[in-house]
Amino acid sequence: VKVQKGWRHVRRANESHVHEILFSVKHPDENALERELMAVSDPDSPRRGHYLTFDEVGELVRNDQGHAMLTTWLKTVGAKVTRTTPHKDFVLARAPVQVWEVALNTEFHHFAREGERALVNGPDFDHTACLYMSLPDDIHRHVDAVLKAAMFPPPLRKGPVWRRMPKNESDSSLRATSRRLGSAGHMTPSKLLSYYDIPTVTGSSKVSQSVYEGASGGQDTYWSASDLLTFQETHDIPLQPVASDVGCSMSEMACQVDPNSCLEPNLDIQYMQAVSQSTPQYIWYDNSGDFSQWITAVASDANPPLVHSISYGMPELEEVGLVYPGLKQLAVAFNNAAKKLGVQGVTIMASSGDDGAPGSADCMYNPSFPASSPYVTAVGATQGPESGNKESVCASNTGGLITSGGGFSNIFDAPSWQTDAVAGFFQKSTPESGYQTTGRGYPDVSMAGFNYEIVVQGQGALVSGTSASAPVFAGLISLINAKLADEGKSPVGFINPTLYKAENQDCYNDVTDGENNCSADRGGSSTCCAQGYSAVAGWDPTTGFGSWNQAKCQTMFNLPKGGKAAYLFPMWLLTLIIVGSVAGVLLTFALVCRFACKKRSPREAFAVLGFRNNAVCWGLFAMVGIALIVAGYLTVESANVDPSSDIQKCPIVKGQLWRWWNKGLVWTGALTLGLVALMVVRKCLCSITPPGPPPQQTSNVAMRQASSAPFIRDGQIVTR
């Protein structure tokens, strides 16, 4: 059995072993989410900041037919549907292996991670998968991804690099000013405020923020509430507990037994809350190893946190040119979830990785997912601020312990909002060949990532990584959301198109020194490769645009008032347009019936309105045609500003019918103008005198004689 890198084959799966598979149902219009996301995120769009509600997203993505066919098929083959998300776009089903093998025409096997030993009295495997599969054609056309079947969780990137602080520095009872400011070369909350010009760290209960935590390399992770309390006391931060722990990953015992299992969550939570204080803090725990639990959780949440920070990632490539099997399907499901969050006004950050462009000690370009996704904001790392120095790329070969990840995706093309920035980089730098020249470039921005002071096991520790810079930047975005919420405005949402807008690029602290061609230093050494990128002026795949100046950059988000957008014109005017449009449509079809069906002349056709002058009638109907076209476009624009308002206030239309109404007005108007043009042409042709002899003239005498001639009426001869 050919096994994916990092795994070893154990044996054929037991037929009775129960296995779960997650199906992603195709949206009825696969491009609708993308269009909506850009409409509410593009800073030049009239709909910027006018987000959809959870229910409106459901109307956009729900595929009732596909969901019904999939669930019926699952029940028919003997699987049990255990969960369906509210929008019916994800279906989780469970069945014994023997059922799946028949249904998917495959074989399932048990696997274990290389180098790991089985638990005492536990199973000798930790993953069940098939190496190939197929769906019936009528089901396949409604499914765009299948997770937990023919895929292995790619190895998650290794966690941050850390070391214990000396005992005299880590004593949490010492809270003198020098302690709060931190020792030279250490990053603390107060240093972040000063270096990045953060005017305030007071968030708001009106907004919310979240960190994603998950299993790392097969190891569960935890966080400590007591460590959070100690950290807040040490740095004079108002005491604030976590608002919600989705997945229940808090464990004081686990953190005491193994501090490595708590480094990542403790770092994320302590610094996100330190930057955006008073903002409700959520933790979303996912031990699936492939983001699938998080994907279904956010797809089911009608009120998700407005900012998410993900400090986990996985390599795109198993080897040069070979994408990890199953990663493309995972990317489809993840991106669908990210786009759904984006159209609701949610921002997602992802750390760019700690092993530079190579992604590991293997010298090849290997981007990190989900940082490489176009639908998240990827955050890199710098060094220098911890010592009050100028920022450079955080790199292991310059003492930074980790190296800021960055590069170009092998899965995703560069989005339109990024192409100019990428082109600008290649005009200034020529990297070693081997990267994907047309791929989505990352990171987008960076923050300090070296030597953060945290608390773990009640003691101080120094941690380095993009795992620090991502939650810090997420906290800064939460502060902006808090400011906007206090002004009654919408949250920032999907920020990438705004970040890349040319006039916004002056607010960054541009980083022009350093490279990212080395792996992290985990044990006293790192590997430096030819594969890597250099920092240049402007955007580059080491630190993006550079770091963030909060006071300057927060002004780029000039968002509208929150809630539903107003119409472009008053409701009474929209109603008048609709009523007038209906009248115009009826008049047009009356004209068609009299002129075409009854073969009447244009004058007779127009007589239905009481008009006898052709010119007046033609002008009237030309105006009706133009009015219908204008009304169609105006109502389209009204729907663009607020897709739900027309449904709420105009009960005669619902859902897609509104769009068809818009199109119908435009086409009816075009038909009316076409009929007017046809009549004008007909009139011109009929007015041309045909060639031949002139008609004979009749004298007045002859006419009088004709008028006085006798005629027959009811069988009798009558004289005039």
When you compare the side chains of Tyr51 and Glu36, does any donor N or O come within less than 3.5 Å of an acceptor on the partner?
no
Hey, does the side chain of Tyr196 reach the backbone of Ala551 with a donor-acceptor pair shorter than 3.5 angstrom?
no
Taking Gln329 for its side chain and Val146 for its backbone only, find out whether a donor-acceptor pair lies under 3.5 Å.
yes
Gln232 side chain vs Gln240 backbone, donor-acceptor pair below 3.5 Å:
yes
Specify whether Tyr375 and Phe494 have parallel, tilted or perpendicular ring planes, treating 30° as the upper limit for parallel and 60° as the lower limit for perpendicular.
tilted
Does any N or O in the side chain of Asp354 come within less than 3.5 Å of the main-chain N or O of Ile402, such that one atom is a donor and the other an acceptor?
no
Is Asp486 paired with Lys206 through a side-chain N to carboxylate O contact shorter than 4.0 Å?
yes
Would a distance-only check, ignoring hydrogens and angles, find a side-chain to backbone donor-acceptor pair under 3.5 Å from Trp539 to Pro443?
yes
Exam field: side chain Thr419 to backbone Ser416, donor-acceptor pair closer than 3.5 Å
yes
Thr377 and Asp444: side-chain donor and acceptor closer than 3.5 Å?
no
Can you confirm whether the side chains of Arg83 and Ser300 place a donor and an acceptor under 3.5 Å from each other?
yes
Would you check if there is a donor-acceptor pair between the side chains of Ser368 and Glu316 at a distance under 3.5 Å?
no
Looking only at atom types and distance, does a side-chain atom of Gln505 sit under 3.5 Å from a main-chain N or O of Phe545, one as donor and one as acceptor?
no
Over all atoms of both residues, closest heavy-atom pair of Leu479 and Ile198:
CD1-CG2, 3.9 Å
Between Ser469 (side chain only) and Ser446 (backbone N and O only), is there a donor and an acceptor less than 3.5 Å apart?
no
Take a 6.0 Å sphere around OH of Tyr500 and say whether it holds more than 12 heavy atoms from other residues, nucleotides or ligands.
yes
Could you tell me if Trp417 and Asp42 have a donor-acceptor pair between their side chains, going purely by distance under 3.5 Å?
no
Can you see whether Thr221 engages Glu213 through a side-chain donor-acceptor pair at a distance of less than 3.5 angstrom?
no
Within the 3.5 Å criterion, strictly below it, is a donor on Asp290 or Ser288 matched to an acceptor on the partner's side chain?
yes
How long is the span from the CE atom in Met349 to the CD atom in Gln209, to the nearest 0.5 Å?
10.5 Å
Lys/Arg N to Asp/Glu carboxylate O, Lys88 vs Asp64, below 4.0 Å:
yes
Side chains of His87 and Lys340: is there a donor and an acceptor less than 3.5 Å apart?
yes
Judged by atom type as modelled, is there a donor-acceptor pair below 3.5 Å linking the side chain of Gln270 to the main-chain atoms of Phe231?
no
Geometric class of the Tyr312/Tyr212 ring pair [parallel <30°, tilted 30-60°, perpendicular >60°]:
perpendicular
